[in-house]
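Remarks on the structure that follows.
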Amino acid sequence: MPSSVDTGTAAEYLPERLSLASLREAAAGCQACPLWRTGTQTVFGEGAARSELMLVGEQPGDREDREGHPFVGPAGRLLDEALEEADIDRTRAYVTNVVKHFKWQARGKRRIHAKPAWSEVAACRPWLDAELTVVKPDVLVCLGATAAQALLGRSFRVTRDRGKPVDSDLAPHVLATIHPSAILRADAETRATERAALVDDLRVVASLLRA
């Protein structure tokens, strides 16, 4: 067992033998950064081992934190709809987040998303690396700037390079697109445009899955 909490890295929490089941069990007790103190529970990735597609977001939201499953809130529903429009079978995807605990600020009775610090992203990175090692996806998609910069470098800009496959040793095909939650936060006109753009990016993903 790790000897301390808030150590700055989840590496010492990794199980000796990597599988999705062993990783999920070990991650439930992770205290490598302060977010375990405010999150209800660890929200680990879900999907089949050896999934063809891995989708990586920023962090669980309020609904995900309460239920313990990734992408089950409004952003998850939008993502499911976009995947369907792009002709991608959702069951072929493994979904996870860069950060496994919900970071939030109180606003009245509501818990509002707060962007994780880079130190919190770095602390959680060993879990994501382990998921990549186990799943070995053919296509890796970063949803939003936090995921893209965590995996592709802090200079990566989703607005500039979204929907374009990039060279990476993380998977045979890697690209980034907007996070569905950003679409939900946009005004009505922008929301329609961005939603269409997300579907277009996912159609690129669909073509890579068929390649």
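Values below: every heavy atom of this structure, side chains too, minus hydrogens, waters and symmetry copies.
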Between Ala75 and Pro180, the two heavy atoms sitting closest are O-CB, 3.4 Å
OG of Ser155 to CD of Gln149, rounded to nearest 0.5 Å, is 8.0 Å
On a heavy-atom basis, the closest approach of Phe156 and Val166 is CE1-CG1, 4.0 Å
Is a donor on one side and an acceptor on the other found under 3.5 Å between the side chain of Glu52 and the backbone of Arg92? no
If you define the side chain from C-beta out and look only at heavy atoms, does anything of Cys124 sit under 4.5 Å from Val98? no
Before giving the answer on side-chain contact (heavy atoms from CB on, under 4.5 Å), spell out for Leu53 and Val141 the whole-Å C-alpha distance, their side-chain angles and the decisive distance to 0.1 Å. CA-CA 8 Å; Leu53 171 63; Val141 179; 3.8 Å; yes
Could you tell me whether the side chain of Tyr94 reaches within less than 4.5 Å of the side chain of Leu20, counting heavy atoms only? yes
Between Glu46 and His69: side-chain donor-acceptor atoms closer than 3.5 Å: yes
Step-by-step salt bridge (Lys or Arg N to Asp or Glu O under 4.0 Å) determination, Asp200 to Arg203: CA-CA 5 Å; Asp200 286 343; Arg203 288 193 174 114; 3.3 Å; yes
Do His101 and Thr42 meet the criterion of a side-chain donor-acceptor pair at a distance under 3.5 Å? yes
Using the rule that two of Ile, Leu, Val, Met, Phe, Trp, Tyr join whenever any of their side-chain heavy atoms come within less than 4.5 Å, decide whether Leu83 and Ile183 are in one cluster. yes
Is Asn97 close to Val56 at the side-chain level, that is, under 4.5 Å between some pair of heavy atoms? no
Does Thr40 reach the side chain of Phe102, with side-chain heavy atoms less than 4.5 Å apart? no
Could Glu194 and Arg162 be called an ion pair, given the rule that one side-chain N must be under 4.0 Å from one carboxylate O? yes
Please determine if Asp65 and Arg111 form a salt bridge, counting it only when a charged side-chain N lies under 4.0 Å from a carboxylate O. yes
Are the charged groups of Glu58 and Lys115 less than 4.0 angstrom apart, N to O? no
Determine whether Pro126 and Thr9 make a side-chain contact, defined as any pair of heavy atoms from C-beta on separated by less than 4.5 Å. yes
Does the distance from a Lys or Arg side-chain N to an Asp or Glu carboxylate O, for Arg77 and Asp80, drop under 4.0 Å? no
Mind checking whether Val135 and Val139 sit in one hydrophobic cluster, side chains of I, L, V, M, F, W, Y counted as touching below 4.5 Å? no
Looking only at non-hydrogen atoms, find the nearest pair between Pro15 and Leu23 and report the distance. CD-CD2, 3.7 Å
Please identify which of these residues, His113, Gln59, Glu120, meets the side-chain hydrogen bond (donor to acceptor under 3.5 Å, both in side chains) condition with Lys103. Glu120
Any side-chain heavy-atom pair of Asp138 and Leu208 under 4.5 Å: no
Side-chain heavy atoms of Leu132 within contact of Pro137, under 4.5 Å: yes
Rounded to the nearest 0.5 Å, what's the gap from CZ on Arg107 to CD1 on Ile112? Could you check? 5.0 Å
Which residue in the set Lys100, Arg125, Arg50, Lys136 passes salt bridge (Lys or Arg N to Asp or Glu O under 4.0 Å) when paired with Glu131? Lys100
Which word best sums up how the rings of Trp127 and Tyr13 line up, parallel for under 30°, tilted for 30 to 60°, or perpendicular for over 60°? tilted
Flag the pair Asp161 and Arg157 as a salt bridge only when some basic side-chain nitrogen lies within less than 4.0 angstrom of an acidic carboxylate oxygen. no
For Leu79 versus Leu143, what's the shortest heavy-atom pair and its separation? CD2-CD1, 4.1 Å
Give the C-alpha distance, both sets of side-chain angles, the deciding distance and a yes or no for side-chain contact (heavy atoms from CB on, under 4.5 Å) between Leu152 and Cys142. CA-CA 9 Å; Leu152 303 176; Cys142 302; 4.3 Å; yes
Any idea which heavy atoms bring Arg191 and Ala186 closest together, and the distance? NH2-O, 2.7 Å
Atom of Val204, atom of Gly163 and distance for their closest heavy-atom approach: CG1-O, 3.8 Å
Side-chain heavy atoms under 4.5 angstrom apart, residues restricted to Ile, Leu, Val, Met, Phe, Trp, Tyr: same cluster for Val199 and Val158? no
From CG (Leu140) to CG (Leu128), nearest 0.5 Å: 7.5 Å
Should we count CG of Asp87 as having more than 12 external heavy atoms under 6.0 Å? no
CD (Glu67) with more than 12 external heavy atoms under 6.0 Å: yes
Between the OG atom in Ser168 and the CG atom in Leu151, the distance rounded to the nearest 0.5 Å is 7.5 Å
To the nearest 0.5 Å, what is the distance between CH2 (Trp36) and CD (Gln41)? 14.5 Å
Same hydrophobic cluster for Val95 and Val121, using side-chain heavy-atom links shorter than 4.5 Å among ILVMFWY? no
With clusters defined by side-chain heavy atoms of hydrophobic residues (ILVMFWY) lying less than 4.5 Å apart, directly or transitively, does Trp104 cluster with Leu35? no
For the residue pair Thr190 / Thr193, report whether a side-chain donor-acceptor contact shorter than 3.5 Å exists. no
Atom CG in Asp201, atom OG1 in Thr177: separation rounded to 0.5 Å? 3.5 Å
Close side-chain approach of Thr146 to Val99, heavy-atom, < 4.5 Å: no
